[in-house]
There are 2 protein chains.
Amino acid sequence: MAKPEQTIFYNIEESIKSYRQFAQKNINDEGYDITIDQGLILNIIQENPGISQKEISRRAFKDHASITRIIELLVKRDFLKRDFNSEDRRRFDLSLTEFGKDTLTKIEPIVDLNRKNAIEGVSVEEMELLKNILQKITANCRTKG
Amino acid sequence: MAKPEQTIFYNIEESIKSYRQFAQKNINDEGYDITIDQGLILNIIQENPGISQKEISRRAFKDHASITRIIELLVKRDFLKRDFNSEDRRRFDLSLTEFGKDTLTKIEPIVDLNRKNAIEGVSVEEMELLKNILQKITANCRTKG
DNA sequence: CAAATATAATTGATATATCACTTATATGCA
DNA sequence: TGCATATAAGTGATATATCAATTATATTTG
């Protein structure tokens, strides 16, 4: 087997883990007790009123079981409100609480800055290339899987 | 906040998750009950006799607590043998059992094929570019973190 | 040498990932 | 209408990630 360190998958893992660590640290350092995944889910819900958990799971690229549990936590921590959907009783209406909205508003600039800092020195063309290649890999894994 | 789906980090997450899913499925389909992380750790140990858990954690880009637990599992499942190190009693000597060696030998061609298939259609130049850009992102996150 | 410090590994707590299975409800079709 | 099937979400089991604190041992230094 080729040495794992020499494969591109190692670099991909390394970069995304570095980013997650970096992003989480900057949020914690500002005094917010929320994970980047939780923030991501809050953002998706706020931007897509009426969204189903299934659709959140697709957008966040997470398993629906994970979404169930993250939402549970978000409700427990009072970031999120969950009401039954009157039209489809299998579903729930998710909405941010005032505290959730407030927190999201405050962490958004941190998240934006994190992203900006992480890609500093990478040109627009490089970003396009990077995106295209990654999408090619994703497509390979999906079609062959 | 910019839409998460439009950031490069989304593409990175998407590609690495697709790859992991694809790779794991192909190993399971061949009848092996081992995770790709466990296989990775076995490979690192086999290729680096006498390696410490600390060093494994650095190479596998995993937290040392994760390594402790993965190794625990590998021992429990009889893939790995763990003896006290006579020179430094804080450390352990890790080595693959016959079953571990055998399993690794058998999954290696699958792993190689997985990697090959996942990057099909990506040129050598593109791979170099991809690697360089990812390393730039990693470096940004580390130096700014 | 003894105390301070550093290092290797473990543990506990919490969060997330993934799979398979289940439950509840909705929808489509005979 | 009534049953088969599809869909939304939850649950249980297991694996992994991360942080902080702890334990055991080694090394450094006064």
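Chain naming here is simple, since letters A, B, ... match the order of the sequence lines and numbering starts at 1 in each.
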Can you tell me how far C1' of C:dT7 sits from CZ of B:Arg58, to the nearest Å? 16 Å
Please identify each residue that fulfils side-chain hydrogen bond (donor to acceptor under 3.5 Å, both in side chains) with B:Asp102, with sequence neighbours left out. B:Lys106
Are B:Lys136 and A:Glu126 ion-paired here, with the side-chain N under 4.0 Å from a carboxylate O? yes
At 4.0 Å (heavy atoms only), tell me whether B:Glu55 reaches a base, stays on the sugar-phosphate, or touches nothing. nothing
Of A:Asn28 and A:Ser52, whose nearest nucleotide on DNA chain D comes first from the 5' end? A:Ser52
Using the ring-ring contact (aromatic ring centres under 6.0 Å, His included) criterion, which residues pair with B:Phe84? Sequence neighbours excluded. B:Phe92
Select base, sugar-phosphate, or nothing to describe what B:Ile70 touches, counting heavy atoms under 4.0 Å on all strands. sugar-phosphate
Separation of atom CZ in B:Arg82 from atom P in C:dA8, rounded to whole Å: 16 Å
Answer with base, sugar-phosphate or nothing: what part of the nucleic acid does A:Thr35 contact at a heavy-atom distance below 4.0 Å? sugar-phosphate
Proximity to DNA chain C (any heavy atom under 4.0 Å), residues of residues 89-101 of chain A only: A:Arg89, A:Arg90
Within residues 9-21 of chain B: residues closer than 4.0 Å to DNA chain C (heavy atoms): B:Lys17, B:Gln21
Using salt bridge (Lys or Arg N to Asp or Glu O under 4.0 Å) as the criterion, list what pairs up with A:Arg58, not counting sequence neighbours. A:Glu55
Run the ring-ring contact (aromatic ring centres under 6.0 Å, His included) test against B:Phe61 and tell me which residues pass, sequence neighbours left out. none
Should the pair A:Lys81-A:Asp93 be classified as a salt bridge under the 4.0 Å nitrogen-to-oxygen rule? no
Test of understanding: with ring-ring contact (aromatic ring centres under 6.0 Å, His included), list the residues that count as partners of B:Phe99, not counting sequence neighbours. B:Phe79
Which residue lies more 5' along DNA chain C, comparing B:Glu72 with A:Gln38 via nearest heavy atoms: B:Glu72
Counting side-chain heavy atoms from CB outward, which of C:dA17, D:dA17, D:dA9 is closest to A:Lys62? C:dA17
Is there side-chain contact between B:Leu94 and B:Gln53, with heavy atoms separated by less than 4.5 Å? yes
I want to verify a distance call: between C:dT16, D:dT16, C:dA8, whose nearest atom is closest to the B:Leu73 side chain? D:dT16
Look at B:Gln24 and C:dC19 and indicate whether a side-chain polar atom (N or O) is within less than 4.0 Å of OP1 or OP2. no
Of all the choices, D:dA26, C:dT18, D:dC19, which nucleotide is nearest to the side chain of A:Ala65 once you look at every atom? C:dT18
B:His64 NE2 to C:dA6 C1', straight-line distance once rounded to whole Å: 14 Å
Non-neighbouring partners of B:Glu98 that pass salt bridge (Lys or Arg N to Asp or Glu O under 4.0 Å), sequence neighbours left out: B:Lys101
Rounded off to whole Å, could you give me the CG-to-C1' distance for the B:Asp33 and C:dC19 pair? 12 Å
Name all pairs fulfilling the ring pair (Phe, Tyr, Trp, His ring centres under 6.0 Å) condition that reach into residues 36-55 of chain B, sequence neighbours left out, sorted by first residue then second. none
For atom CD of B:Glu87 and atom P of D:dA26, their distance in whole Å: 11 Å
Interatomic distance, B:Arg69 CZ vs C:dA17 P [rounded to whole Å]: 18 Å
What integer distance in Å separates A:Leu40:CG from C:dA17:C1'? 15 Å
Over all strands shown, is A:Asp37 touching base, sugar-phosphate only, or nothing at heavy-atom distances under 4.0 angstrom? sugar-phosphate
Strictly below 4.0 Å: does B:Ser66 bring a side-chain N or O up to OP1 or OP2 of D:dT16? no
Here the distance between atom C1' of D:dT16 and atom CD1 of B:Ile34, to the nearest Å, is 15 Å
